[in-house]
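This report concerns only the one structure given below.
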Amino acid sequence: MSMDSSSPFDRIAERVERLLVRHEQLENTIALLTDQVAALTQERDSLRSRLQAARARVDALIERLPPSPTTKDAQ
């Protein structure tokens, strides 16, 4: 009996090899995406902090404004 080079076993083995390669590629992609999420989370947190500081400065400036004249006073 001669073994056909594309026997079912060989086809399964090739498919498993391709799946293993794809699995490794996906793991690498997940690692890169995880790093990107961490970087974006840090950037978001930094932007939130800057926004809070800016809001505090604006609120402080608003407090320093003189009171606006009422509608009666303007007439």
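Residues satisfying the side chain to side chain contact (heavy atoms under 4.5 Å, CB included) criterion with Ser68, sequence neighbours excluded, are absent altogether. Taking Arg64 as the reference, Leu61 meet the side chain to side chain contact (heavy atoms under 4.5 Å, CB included) condition, with sequence neighbours excluded.
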Donor-acceptor contacts under 3.5 Å from residues 32-50 side chains, at least two apart:
from: Thr34; atom 1: OG1; to: Ile30; atom 2: O; distance (Å): 2.8
from: Thr41; atom 1: OG1; to: Val37; atom 2: O; distance (Å): 2.7

Using the rule given for side chain to side chain contact (heavy atoms under 4.5 Å, CB included), can you reason through Arg11 versus Arg15, listing the C-alpha separation, both sets of side-chain angles and the distance that settles it, and then say yes or no?
CA-CA 6 Å; Arg11 288 192 301 271; Arg15 177 81 172 135; over 6 Å; no
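Residue-environment remark: CZ (Arg55) stays at or below the threshold of 12 foreign heavy atoms within 6.0 Å. By the 6.0 Å contact criterion, CD on Glu24 is open, its count of non-hydrogen atoms from other residues, nucleotides or ligands being 12 or less.
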